[in-house]
Chemist: 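My questions all concern the structure below.
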Amino acid sequence: MGSLVRFLFTLAAAVGAAALLAASLRRRVPPPGLPAQPVPSSHMAGRNRSFVLWLHGLGDSGPANEPIRNFFSAPEFRLTKWSFPSAPRSPVSCNSRWFCDAVVVRYPRATHERYESGVLKAVENVHAMIDKEVADGIHPDNIFVCGFSQGGALTLASVLLYPKKLGGGAVFSGWVPFGSSVTERISPEARKTPILWSHGMADRTVLFEAGQAGPPFLQSAGVSCEFKAYPDLGHSLSKEELIYLESWIRSRLNASQEKDS
Ligand SMILES: *[C@@H]1O[C@H](CO)[C@@H](O)[C@H](O)[C@H]1NC(C)=O
Ligand SMILES: *[C@@H]1O[C@H](CO)[C@@H](O)[C@H](O)[C@H]1NC(C)=O
């Protein structure tokens with residue numbers, strides 16, 4: 001069982017396998033129990049004070065995840081701008097994907113470097129989305145990036161490689177898609193960005209043990225990371241995770257956000 005201490009990051013070569021995985025991710029996100037209607041957004045006069053960016057998983061789409069914002073009905077989110085972008089389509093698999101066509105993380109190693117160059121390119125696009133909101137006047141402390149699976153892996157790389165401290169990064173069923181050469185590039189400011197990592201203990205696509213190995217690795221790089229394990233949860237999002245995310249973000253929103261002009 002030497003393989004237990006190694007990790008395998010497999011590009012599923014068979015189109016059938018990729019399609020199967022994508023179909024299963026699509027079926028599972030958003031989870032059952034999500035309210036169907038989006039909460040009316042705040043179209044009040046004045047600009048938004050906070051920004052939440054949600055990065056979907058492989059083969060999914062941004063609009064399919066918009067019901068997630070229904071969990072954020074507290075008054076603190078009245079002036080929050082949401083963004084649910086869709087990943088570009090792969091010319092290979094035709095799936096929407098941020099940096100690779102199919103991923104199965106089956107062995108419990110902390111870091112997964114195989115697609116690192118693709119990840120770094122995708123990070124530039126996420127940084128452009130963040131920079132646009134900062135240019136529009138949203139304080140970086142009130143910017144949160146969240147993502148599921150491949151979107152979670154991209155979330156982690158994006159917030160840690162952003163030059164400034166952000167409000168937070170929330171990773172669901174994700175992994176660390178880079179190695180220590182990237183960790184060395186994390187700025188002292190970005191190290192202060194809090195990370196929330198949620199993972200289902202019954203996840204067989206991105207193995208729970210691989211997720212669990214991520215936070216200690218990040219902590220050794222000086223990043224603060226909270227890990228939440230969800231028993232019986234497979235490779236999907238749960239209502240419980242989103243309820244916790246709401247309180248996690250709410251407690252980190254800069255309290256002065258509605259007072260400064
Ligand atoms: C504020 O955010 C909402 C919801 O995302 C959006 O519809 C609205 O256009 C934003 N307002 C401004 C002024 O950017
Ligand atoms: C809150 O945001 C203001 C600017 O909007 C900033 O000057 C201040 O340092 C922030 N406070 C905290 C506690 O992050």
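Order of listing sets the numbers, starting from 1, for every ligand and every atom in it.
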Chemist: Determine whether the aromatic ring centres of Phe84 and His56 lie less than 6.0 Å apart.
Modeler: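 They do not qualify: ring centres at least 6.0 Å apart.
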Chemist: Examine Arg69 against ligand 1 and note whether any of their N/O atoms are separated by less than 3.5 Å.
Modeler: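 No, since none of the N or O atoms of Arg69 sits under 3.5 Å from an N or O of ligand 1.
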Chemist: Could you tell me which atoms of ligand 1, counted from 1 in the order shown, lie closer than 4.0 angstrom to a heavy atom of Thr80?
Modeler: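 With Thr80 as reference, the close atoms of ligand 1 come out as 2 (O), 4 (C).
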Chemist: Less than 3.5 Å between some nitrogen or oxygen of Arg47 and one of ligand 1, yes or no?
Modeler: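 Arg47 vs ligand 1: no N/O contact under 3.5 Å.
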Chemist: Return yes when Asp136 approaches ligand 1 closer than 4.0 angstrom through a heavy atom, no otherwise.
Modeler: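 It does not, in that no heavy atom of Asp136 comes within the 4.0 Å cut-off of ligand 1.
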Chemist: Looking at non-hydrogen atoms alone, which of Asn48, Leu79, Ile138 comes nearest to atom 2 (O) of ligand 1?
Modeler: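 Going through Asn48, Leu79, Ile138 one by one, Asn48 has the nearest heavy atom to atom 2 (O) of ligand 1.
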Chemist: Using a strict cut-off of less than 4.0 Å between a Lys/Arg side-chain nitrogen and an Asp/Glu carboxylate oxygen, indicate whether Glu66 and Arg69 qualify as a salt bridge.
Modeler: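 Looking at Arg69 together with Glu66, the answer is no, because their closest N to O distance does not fall below 4.0 Å.
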Chemist: For the rings on Phe172 and Trp54, is their centre-to-centre separation under 6.0 Å?
Modeler: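 They qualify: ring centres under 6.0 Å apart.
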Chemist: Cut-off 3.5 Å, side chains only: do Gln150 and Tyr115 have a donor facing an acceptor?
Modeler: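 There is no such pair (donor and acceptor under 3.5 Å, judged by atom type) between the side chains of Gln150 and Tyr115.
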Chemist: Tell me yes or no: between the side chains of Ser86 and Ser61, is some donor less than 3.5 Å from an acceptor?
Modeler: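 No pair is found: no donor N or O on one side chain lies under 3.5 Å from an acceptor on the other.
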Chemist: Give the atoms of ligand 1, by number and element, whose distance to some non-hydrogen atom of Lys81 is under 4.0 Å.
Modeler: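 Answer, ordered by atom number: 2 (O), 5 (O).
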